[in-house]
2 protein chains.
Amino acid sequence: MMNNTPITLKFLAEKLKMSVSTVSKALNNYPTINAYTKQRVQEMARELNFTPNKSAINLKEKKSRIIGVVLPNLLDHFFTRSIDGIEQVATQNGYNVIISQSHDELAKEIQSANMLLRSRVDGLIVAISKQTQDFAHLNQFEHMGIPVVYYTRNPSFNLSCHKVLGNTFQGCYEATKFLIERGHTKIAYLGGPKMTNFTHDRFNGYIHALKDNDVPFSAKFVAYTDFDKENTIAAIKNLFADPDHTPTALVAFKEPILFDAIKYLKSSNHPNFDKIESIGFGNNAFINYLDSPPIASIEENPESVGENAIKLLLRLITKEIDMKNHQKVMVDCKLVVHG
Amino acid sequence: MMNNTPITLKFLAEKLKMSVSTVSKALNNYPTINAYTKQRVQEMARELNFTPNKSAINLKEKKSRIIGVVLPNLLDHFFTRSIDGIEQVATQNGYNVIISQSHDELAKEIQSANMLLRSRVDGLIVAISKQTQDFAHLNQFEHMGIPVVYYTRNPSFNLSCHKVLGNTFQGCYEATKFLIERGHTKIAYLGGPKMTNFTHDRFNGYIHALKDNDVPFSAKFVAYTDFDKENTIAAIKNLFADPDHTPTALVAFKEPILFDAIKYLKSSNHPNFDKIESIGFGNNAFINYLDSPPIASIEENPESVGENAIKLLLRLITKEIDMKNHQKVMVDCKLVVHG
DNA sequence: AACCCTATTTCAAACGTTTGAAATAATGGC
DNA sequence: GCCATTATTTCAAACGTTTGAAATAGGGTT
């Protein structure tokens, strides 16, 4: 049952007693090839299950039809959902996707990048690791003429590059506004790691929503944390430190972190726990199972972010957009009210 | 800044005024090449940032150093975690991984398979879709001499193939035994879709644990569901239908389904809800946030399953194991007690 | 039947590597 | 200084495609 001679153009040509080029052109539907010849070739190809060798084609065409994706990890649903968007558009356009996780380590990111460079990817989509400060390993792609699109996590806003971002300003603005409209005036903001541009836009959205609705801002209602649970608890303790002036609502930069916060507040028997309404970024499916769920979620539309990233990348690959002409695409968030 | 002439062996050879083969051999550290020559070549290669063209190498070597992975989706943490294992071992051995989601649709799975075949992957790791009954699209790999390892979800147990599976029998046995040891005698079993081999081993584990510990089996305590919430609720209603004879514990085939079950039981104000102890397969990170969490989880060690799958595949690729000599690897589960 | 189109097929080079065989250079023995 | 080794480098073919240019075949026209 196992076929030992690999089915190549040459093999088909010999079987059909014609030249390799005729076979190639017949399969690629060249107009100069006789209709009957085409038919014969195509039939034989189907019969023998001919599959063109991509390496040979890539070598000839000087491209790989592979898109590289480097991202921190696949456990974060934001990233896995974004891959759905990337994969779909890529496949539609005949591209394969190689995904590589950096696990938020620079060393691993460099290794991934080099591996993808060797594979001669036609383009790269990156969400950088937390440790990434230097971009040599990513810049080398552009030096070789391979376009790079940064998505979500990207070099500080000053550095010019192609980027596709969730509109976290708008997302946070709408969440804050929603809480204000529900009557809250004491809305706390729980931000993420300061070093990344994780939190800057979100915070501005919060601030602007307060301002636009004449709700006074209080520095006491702002705290920062990261992905560590203990730090989140510390931040929450801080926000609720003054018993005469505790928040009645909370906006958080990421949902699992918000869950930690809620859990702590509940366990600490905060007197008005039931009244506190909260919103975080993410719209995690597990919200359904929480007893004290956030009142709403800021849906970041990761599929759409991924889709926009690959669409931009494809336009850079086809040179429809010049690589030097740096693009910035914003994808709006959507407030999803639960229950 | 952008380099236009691609850096190839030829280019290096011209710059160094030597032949292409010398350059190639110098870079590959051939013993016949003079040490000084090697040094000069390697320095120049580094300086010009030479990156060998993988397509050319693949063409020459008749292999791609790419492993294809086809799985239902990336939203299930079992699969994303298994990828961690696959990726790690693959990278260590110089292989790239192309992941393709079938979204549990046969048509998409066929498309993915064909795409990977064109890419001349050196091997394939598959978790089949729910719809897959016919295996022509996967068998063609083996016909071309490309080994295929099925993992987790695999053709019915009769069909011979290479497979790596979680030991769900043992997992379910231990969970049931654990509940018995905690004094339960009325333990319900909530199984998954019957058509897949999803549930067969699990159920046997449950049965054997009861038998080995002289706990009587009752058909009333067995119900089946799938990933649909309504069906789960219906199943739970059934299990708890007889008010004189309600289960005090529950073993479920998958965790998110168990969460649906718990949620329903809680909302239905079952009199002894607080006493009910439950265990499901998965060990989902979100358990931390549940108010009425399962007492334990059956950790399926997906990373290890992935690792075993790729390790087996690599041995098939190197022909250390003959493709015809079908292997079956079982990965034990681990009971993780919470709190 | 010589000629010219047009339709169709084939030639041949190229893509960037690898590698066994052949060629050349360097070394040492005498 | 010549020959035989050995060390080192180069040649040339191959991997499986694509594609412009060249060749050939098949008809018509006259």
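In the text below, chain A, chain B and the rest are named by the order of the sequence lines, each starting its count at 1.
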Nearest-nucleotide wise, let me know which of A:T32 and A:A56 is further upstream toward the 5' end of DNA chain C.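 It is A:T32 whose nearest nucleotide is closer to the 5' end.
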Using the rule salt bridge (charged side-chain N to carboxylate O under 4.0 Å, His left out), only one of A:E303, A:E87, A:E307 pairs with A:R81; which is it?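 For A:R81, the salt bridge (charged side-chain N to carboxylate O under 4.0 Å, His left out) check succeeds only for A:E303.
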Among C:dT10, C:dT17, C:dC15, the nucleotide that comes nearest once only the side chain of A:S19 is considered: C:dT10
Base, sugar-phosphate alone, or nothing: which one does A:F50 contact when heavy atoms must sit under 4.0 Å apart? sugar-phosphate
Distance (rounded to the nearest 0.5 Å) between A:H103 NE2 and A:L75 CG: 8.0 Å
Just to confirm, is there a sub-4.0 Å distance from OP1 or OP2 of D:dT17 to any side-chain nitrogen or oxygen of A:N53? no
In this structure, how many angstroms lie between the [atom2] atom of [N] and the [atom1] atom of [X], rounded?
| X | N | atom1 | atom2 | result |
| --- | --- | --- | --- | --- |
| A:E14 | D:dG16 | CD | C1' | 13 Å |
| A:N58 | D:dT18 | CG | P | 11 Å |
| A:K63 | D:dT18 | NZ | C1' | 12 Å |

Between the side chains of A:S100 and A:S112, is a donor N or O closer than 3.5 angstrom to an acceptor N or O? yes
At under 4.0 Å between heavy atoms, which parts of nucleotides 19-25 of chain C does protein reach? Answer with one letter per nucleotide, 5' to 3': B base, S sugar-phosphate only, - none. BBB----
Does B:T37 or B:R120 map to a spot on DNA chain D nearer the 5' end, using the closest nucleotide for each? B:T37
